Amino acid sequence: MMAKKVLIVEDNELNMKLFHDLLDAQGYETLQTREGLQALALARQHRPDLILMDIQLPEISGLEVTKWLKEDDDLSHIPVVAVTAFAMKGDEERIREGGCEAYISKPISVSTFLDTVRRFLG
Amino acid sequence: MTDSATSLPAGDRPQPSGAARLALFAASPQQAWHAAWALAVAAAAALFMIVFGGASGASAGALLAGAAPGLIGWVWRAEGKARLGLLAIWTVAAVAAGATAGGPAGPLASWTLAPLLASGALGGLWAEGAAATGAAALALILFAALRVAPPPVAGVQAALLGCTGIVALVAGAAGLSLRLPGLASRAPGAEAAPALAGFEILLQQLPVQALVLHRDGTADAAFGDETLGVPESVLAAEGLLPGVLPEDQGRVRACLGECLDHGHAACTFRSASPHVRTLRAEFRRMSDGRIAAALRPAPVETSADPELRARTLQAEAERDAALKDRDRAEAATRARARFLANMSHELRTPLNAIMGFSDIMRTQLFGPMPERYADYAQLIHESGAHLLDLVNDVLDMSKIEAERFTLSREVFDLRDAVGAALRLMRLQAEDARVQLRTVLPPDPLTVDADRRAVKQIVLNLVSNALKFTPEGGVVTVSVARSGADLVIGVADTGVGIAPEDLRRLGRPFEQAGDAPQRVQGAGLGLSLVRAMAALHGGTMTLESQLGEGTAVTVRLPVLAEAGEAAA
C-alpha cells in the first residue's frame, strides 16, 4: 500500500522540519512548500491526502489558499488542518469558517498533533 | 416687520383707509402723500369749475398750480439731493398759486406754507422747508409790490378758495402727523426724526436677513445683514431661488407655496452663493399676499458673522483637539495591542520548535536516550510552557487594556471549571509538596460568566499561592455563594506579603518582596485576575500577614440562579 501523502505549507524552516520529522517517523510521505501559490500547484500535481496549512504566510494568507482549494472541485475533498500561532479568541471560528477541517495551535503538543493527523489519515 | 398685520386671520384684517389704499398704488409713502395732495387739490379745482363756470378761471388756475407739485411728487420719487429740487418746485407752485389768487393778501397766500409741509413729507427737510416757505412769502410780497400779480379773486370765490387752501394745508399736515399706514415711515414729527433714523438703522442691521417675496421667489425688498442670507445682488436680479442650491430649490419653492396656503412655513436649505452653507428660512404671509421672510444661518454652521464664526471656530478647535487627543490615545492603545499581538505570534513560532522538539525528546518518540538528557528535554519543555503562559498573559492584559477583551458569557456549573483548573495545578502542587484543598458546594453552582476567564482566575490564584507557599504548606480553594455574589477564595499558608507591598500588588508587573524572594513570572497574574473580575462587574481583595499566609477573595455577581435563590 502506498504511503499517505501530507502537504505541509509552512514558512518557518524549523517548524517545517519538526512537522516533517514527526510525520516521516509515522511513515507518511511529505510534500513541502512555504508559499501559498505553490501549495495549490503541488496539491493539483500530487493530490495529497492531507494538507497542513500555516495561516500566517508571507505572501498570501493560508485562509485564502484554503478558500481556493475548497472552491476547486478536484481538490475540495482534501482535508485541510490549520496550524497557526494566532491563538486569539475567535481565531478558531474564523479558521473553521474559512473551510479548514481542523485547527492546531502553535506551539503544538506532539501527541495532539499526531492524534489530529491520524484522525484524517486513519 | 409687518408681523402684527400679517399674522391676523384673513377675516379680521382691517379694511385699509383711503390713504392706506392709495399707498398700495404708490411705490413709497412720500409718493402717496404727494398723490393725495394732487388728487384733493385737483378735485377742488374741478369743483370750482363746475360751480362757478367761466368765472372760476383764476381760482381753478391757482388750485391747479398748487396741485402740480403733488402730481410731480407722485410720479417722481425724489431721493437725496433731488428732494431739494422737488422742494423748489413746491416753492414755485406755491408762489404761482398764491400770486394767481391775488398775492399776499389773496386767499391762497396761506399756501406759502405748502413747501414746509412738503419738506415734512420728503423726510424731514424742515429747515429747507422753512426757507422755502420764507422764500415763497417773500416772492408773493415782491410780486404784489411790483404789481405783476393779476387782480385778486374776490367775493364768495375768494372765501371758498381761502377755506380750500387752509383745509388742504391742515389735511396735508394731518396726513403727516397721523402716520397713516404707508405714510408712517415718512411722517416725522420734529422729535420723531431720530426714532425713524433708529428704525432705518435697525432695518439695515437686523441680525437676520429680512425679505419681501412673491410666490415665485422674486424679491421686492431686502433688509438686514445680507451676509446672513442671500446676497442682495442675487435677490435684486432674480430673486431668492437662484441663490439656492439647485437640489434645494424645489424645497424652497414648496415652502413658499405652503406659506401662502397656511400663513406661515419654514425650511432649511443650502445657499449657492457666495459659498455653500445651510440657511434657515422662516416665511409669513403678509396682508397684501406677499411673503415676509427671515433668513439666518442654520445652527451649528460656520457663519460669516465674525463673532459667531469665531465662537464656532473656537468650539470646533476645542472639539478637534479633544478628538485628536482621544484619537492619539486610541491609536497608541491600538498600536500597543497590535504590537503585542504580533509579538505574541512571533514568540509562539520559535516556541513551537522549542516545545515540539523537546516534546519528541522527553517522550523518546524516536527511540531511547540517556535519562539525564531526557530530563533536560523535560526542563526545556516546561520552560517553554512557562514562557507560553507569560506570552498569553501579556496578550490578555494588552487586550484588556485596549478594551478589546470581550467576555463570552455562558451558563455553566462553576464546579466544573474550578475542577478543570485544579486538575491542571495538581501536578505542580505535588512537585511543590504543598497540599491543595478544595471546598466546593455539594449542589450545582450555576453561573453566567466567561468560562475561560473564571478558569484563568482560579489558575492564576492557585499558581501564585503554590509559588509562595513553602513545602508542607496548604493552599485552600473555596467556592461559595454569598448573597447575590459568587465568592472564590484562595488562601495559602505561605510567606505572606508585607503591607507596603500589598498596595502595589495587582498592578501590572509588580511583585512583592526582594529580588531573591521573587519567583518566576511577569507579575501579571494578579492584575489579570483583578481585570477579569472587573469585566464581570466583580472585585478582588487581598489579605495577608507576613509569615502567615495570604488570602485572595474574588467576588463576582454572576450567579445564574440569584433571582430564584432570593425568591
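Below, chains carry the letters A, B, ... as their sequence lines are ordered, and counting in each starts from 1. What you see is a predicted model, and the numbers here were worked out from it, not measured in a lab.
In this structure, chain B has heavy atoms under 4.5 Å from both the backbone and the side chain of A:Asp21. When heavy atoms are compared at a cutoff of 4.5 Å, A:Phe19 approaches chain B solely by way of its side chain, counted from C-beta outward. A:Leu114 touches chain B through its side chain: at least one heavy atom from C-beta onward sits under 4.5 Å away, while N, CA, C and O do not. B:Leu351 touches chain A through backbone and side chain together, each having a heavy atom under 4.5 Å away.
Within 6.0 Å of the CD atom in B:Glu410, the count of heavy atoms belonging to other residues, nucleotides or ligands exceeds 12. B:Glu382 CD: more than 12 foreign heavy atoms inside a 6.0 Å radius. Applying the 6.0 Å contact sphere to NZ of A:Lys70 captures more than 12 heavy atoms from other residues, nucleotides or ligands. Within 6.0 Å of CZ on A:Arg47 lie more than 12 heavy atoms contributed by other residues, nucleotides or ligands.
The candidate with the highest count of non-hydrogen atom pairs below 4.5 Å against chain B, out of A:Val83, A:Asn15, A:Leu14, A:Ile108, is A:Asn15.
Between A:Ala85 and B:Arg348, the shortest heavy-atom distance links the atoms O-CD, 2.8 Å.
Under the 3.5 Å distance criterion, the side-chain polar atoms of B:Asn352 are left unmatched by any main-chain donor or acceptor of A:Lys106.
Scanning residues 355-371 of chain B against chain A with a 4.5 Å non-hydrogen threshold yields B:Met355, B:Gly356, B:Phe357, B:Asp359, B:Ile360, B:Leu365, B:Phe366, sorted by number.
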